[in-house]
**Student:** 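Below: one structure in structure tokens.
Sequence positions, counted from 1, serve as the residue numbers for this chain.
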Amino acid sequence: ALVHTNHRSFYARLDNGDVHTLVQKRLLVQGQGHLNILEVPYVVPDLIWPELVSRKSEFPLPAPGEPAPWHRDWMTY
């Protein structure tokens, strides 16, 4: 959904294991500031963004009404 809307940043829960894995691989970096005590901003680095845009067709948009892939119910962890 990020590449389709041309947004390089998003908010996700601090305890999101999928996002944490991408941070460890340096495919995402944690931004500054916070939305609330549990959600923090994450940013796609400059080096990674052009590759994601070039592969845009590999990232389908979620169906209307479905949450973004990085938003998961805390009970799924």
Side-chain angles (χ1 to χ4, degrees):
L2 293 176
V3 292
H4 294 282
T5 57
N6 204 29
H7 288 118
R8 292 184 47 195
S9 63
F10 63 95
Y11 282 92
R13 288 181 57 98
L14 196 54
D15 60 355
N16 185 317
D18 298 331
V19 171
H20 185 69
T21 298
L22 294 173
V23 170
Q24 287 180 323
K25 293 179 179 183
R26 298 178 189 227
L27 298 174
L28 287 176
V29 294
Q30 187 172 332
Q32 296 182 350
H34 57 12
L35 180 61
N36 61 42
I37 199 166
L38 293 176
E39 290 194 339
V40 295
Y42 293 94
V43 180
V44 178
D46 292 339
L47 185 63
I48 305 298
W49 184 249
E51 180 64 24
L52 291 178
V53 171
S54 72
R55 300 171 73 175
K56 186 177 187 176
S57 63
E58 297 178 37
F59 303 102
L61 282 169
E66 285 189 20
W70 55 87
H71 285 271
R72 298 171 100 191
D73 186 324
W74 67 274
M75 294 292 288
T76 62
Y77 291 107

**Student:** Enumerate donor-acceptor pairs with a distance under 3.5 Å from any side-chain N or O in residues 21-31 to protein atoms, sequence neighbours excluded.
**Tutor:**
| residue | atom | partner | partner atom | Å |
| --- | --- | --- | --- | --- |
| Thr21 | OG1 | Gly17 | O | 3.0 |
| Gln24 | NE2 | His20 | NE2 | 3.4 |

**Student:** Let's go through Asn6 and Trp49 carefully: what are the C-alpha distance in whole Å and the side-chain angles of both, what is the deciding distance for side chain to side chain contact (heavy atoms under 4.5 Å, CB included) to 0.1 Å, and is it a yes or a no?
**Tutor:** CA-CA 10 Å; Asn6 204 29; Trp49 184 249; 3.4 Å; yes

**Student:** For the hydrophobic clusters of this structure (ILVMFWY residues joined by side-chain heavy atoms under 4.5 Å, transitively), does one cluster hold both Val44 and Leu14?
**Tutor:**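 Cluster IDs for Val44 and Leu14 match.
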
**Student:** As an exercise, state the distance from CG of Asp18 to CZ of Arg13, rounded to the nearest 0.5 Å.
**Tutor:**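 CZ of Arg13 is found 13.0 Å from CG of Asp18.
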
**Student:** Could you tell me which non-hydrogen atom of Pro41 sits nearest to which non-hydrogen atom of Gln32, and how far apart they are?
**Tutor:**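 For Pro41 versus Gln32, the nearest heavy atoms are CG-O, 3.2 Å.
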
**Student:** Do you know which two heavy atoms are closest between Asn16 and Val19, and how far apart they sit?
**Tutor:**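 Nearest pair, atom of Asn16 first, then Val19: OD1-N, 3.1 Å.
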
**Student:** Which heavy-atom pair separates Val3 from Val53 by the least distance, and what is that distance?
**Tutor:**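 So the two residues come closest at CG1-N, 4.1 Å.
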
**Student:** Using the rule that Ile, Leu, Val, Met, Phe, Trp and Tyr join whenever any side-chain heavy atoms are under 4.5 Å apart, tell me whether Leu52 and Leu61 fall into a single cluster.
**Tutor:**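 Looking at the clustering, Leu61 is in a separate group from Leu52.
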
